[in-house]
Amino acid sequence: MALHINDTFIKSFVRADEIKHLMPFAKSALSTLQAGTGTGNDFLGWLDLPVNYDKEEFARIGLAAEKIKKQCDIFVVIGIGGSYLGARAAIEFVKSPLYNNLKKDTPDIYFAGNNISSTALTELLSICEGREICINVISKSGTTTEPAIAFRVFKSLLENKYGVEGAKERIYVTTDRARGTLKHFSDEAGYETFVVPDDVGGRYSVLTAVGLLPIAVAGINIAAMMQGAADARVAYTDVSADKNDVLTYATLRNIFARKGKSTEILVGYEPYMLMLNEWWKQLYGESEGKDHKGIMPASVIFSTDLHSLGQYIQDGGRHLFETVINIKDPGVSFEIPYDEANVDGLNFIAGKTMDDVNKTAMLATLIAHNDGGVPNILLEVDDRTAYSFGYLVYFFELACAVSGYLLGVNPFDQPGVEAYKKNMFALLGKPGYESMKETLEARIKNA
Ligand code: PA5
């Protein structure tokens with residue numbers, strides 16, 4: 001197994017019988033999920049995705065990635081939320097957060113359409129000047145404002161640069177199979193399209209074309225990633241197994257929530273995990289945060305954030321638990337040098353590897369945070385390969401769904417996301433929103 005839970009740092013916070021009492025409910029939640037009889041059951045396509053995926057499209061993704069690598073030196077991925085976080089997490093985790101600056105034979109990859117910042121868009125356009133560009137617009141609905149604005153801009157840039165026919169060869173669209181304006185528009189325009197399956201929600205879509213095309217363009221082995229997810233699917237499928245880490249994780253976080261630990265902090269000790277944290281926050285936040293319930297997902301990168309949020313975690317409000325991801329094999333070895341002058345007094349660690357020190361910092365922090373009253377679930381992950389990423393993705397997705405059912409919410413909808421959109425459309429004067437505009441403007445005036 002590429003992943004297992006180490007329970008050393010939760011022992012003083014949870015008794016074995018507490019886990020035993022809640023475990024049957026977690027097992028029942030997993031059975032309900034597998035039987036497809038629970039709430040939100042029209043969005044369960046991700047469950048079997050690692051084995052039951054469109055093989056023809058998978059091959060086409062590989063071919064498109066090869067074409068894109070030849071066509072351009074900047075690949076702009078346009079999408080927001082579940083339509084970009086997974087791909088970005090994978091590229092940073094498996095390759096590097098500095099991917100664009102590495103020596104490589106794959107294009108630079110930039111993400112656009114995940115904000116409404118004129119600064120970010122202007123800067124990216126300036127980076128694109130004089131470079132060969134391809135874009136992948138990803139939107140299941142095809143109508144999300146942020147990516148739609150960016151798509152307008154980049155479509156026009158490509159058409160000006162390459163002509164309408166040339167641009168057509170450089171625009172790749174990932175959207176729903178048949179419905180939706182983006183699909184119709186793309187078919188008419190002659191863009192190559194990929195599918196977000198109807199039964200897979202945005203935040204569960206990294207193993208569809210949504211994630212796979214950008215990930216493949218970055219030169220990551222997507223077959224290995226799917227294999228990792230497929231092996232996790234097998235490993236966690238047995239509801240009656242003595243040990244099933246998905247059930248353990250879902251059970252533990254629900255026990256902590258019931259004890260008033262309403263915030264879960266995902267902890268990584270490597271900067272390449274920052275976007276994995278962001279992907280995880282969206283997955284858990286959108287899946288569980290509803291009906292005035294849910295664990296607030298937060299994240300840190302240590303030791304960086306030990307010098308910022310570390311103080312709060314050690315000593316502040318005791319509403320926290322942490323889930324720490326330990327990547328066992330760092331993949332590289334970097335020795336700390338000896339220094340004759342020893343002005344920093346650090347010669348006692350000279351000759352050790354950076355990773356030895358990083359892992360020691362992790363152990364020291366686990367103990368300190370335990371002493372400060374913070375339970376720590378430790379997830380041991382073998383390495384940062386594409387295989388392990390796929391495994392980790394499936395583990396978190398399945399645990400999230402089980403945990404959502406345990407909490408008594410529909411883990412597959414996101415009704416709350418609409419609230420800001422409606423207000424924004426009304427305030428911007430979208431036809432049909434006239435009376436809402438008046439009400440909102442009155443509220444703003446009276447504020
Ligand atoms: O997880 C989700 O469903 C959301 O985060 C969506 O991915 C996000 O809102 C983007 O939606 P769309 O792909 O329809 O543009």
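Not measured: the values here are computed from a predicted model. Order of appearance sets the numbers: ligands from 1, and atoms from 1 within every ligand.
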Q | Ring geometry between W279 and F389 (parallel below 30°, tilted from 30 to 60°, perpendicular above 60°) | A | tilted
Q) Taking the minimum heavy-atom distance to atom 1 (O) of ligand 1, which of K421, E418, R203 ranks first? A) R203
Q: Using a strict cut-off of 4.0 Å, indicate which atoms of ligand 1 neighbour a heavy atom of S141.
A: 12 (P), 14 (O), 15 (O)
**Q.** Flag for Y99-T106: side-chain donor and acceptor within less than 3.5 Å
**A.** yes
(Q) Looking only at protein heavy atoms, which one is nearest to atom 11 (O) of ligand 1, and what is the separation? (A) T144 OG1, 3.5 Å
Q) Please state which protein non-hydrogen atom is closest to atom 2 (C) of ligand 1 and give its distance, to 0.1 Å? A) E286 OE1, 3.3 Å
(Q) For a quick check under 3.5 Å, do S388 and D382 share a side-chain donor-acceptor pair by atom type? (A) no
**Q.** Top protein contact for atom 7 (O) of ligand 1, by heavy-atom distance
**A.** G82 N, 3.0 Å
Q | Residue, atom name and distance, where the atom is the protein heavy atom closest to atom 8 (C) of ligand 1 | A | I80 O, 3.5 Å
Q | Test item: side-chain donor near acceptor, T193 and K183, under 3.5 Å | A | yes
**Q.** Geometric class of the Y433/F425 ring pair [parallel <30°, tilted 30-60°, perpendicular >60°]
**A.** perpendicular
Q: Using a strict 4.0 Å threshold on nitrogen-to-oxygen distance, state whether K69 and D105 make a salt bridge.
A: no
Q: Please report which non-hydrogen protein atom sits nearest to atom 3 (O) of ligand 1, along with the residue it belongs to and the distance in Å to one decimal place.
A: G202 N, 3.5 Å
Q | Closest protein heavy atom to atom 5 (O) of ligand 1, given as residue, atom name and distance to 0.1 Å | A | Q282 NE2, 2.5 Å
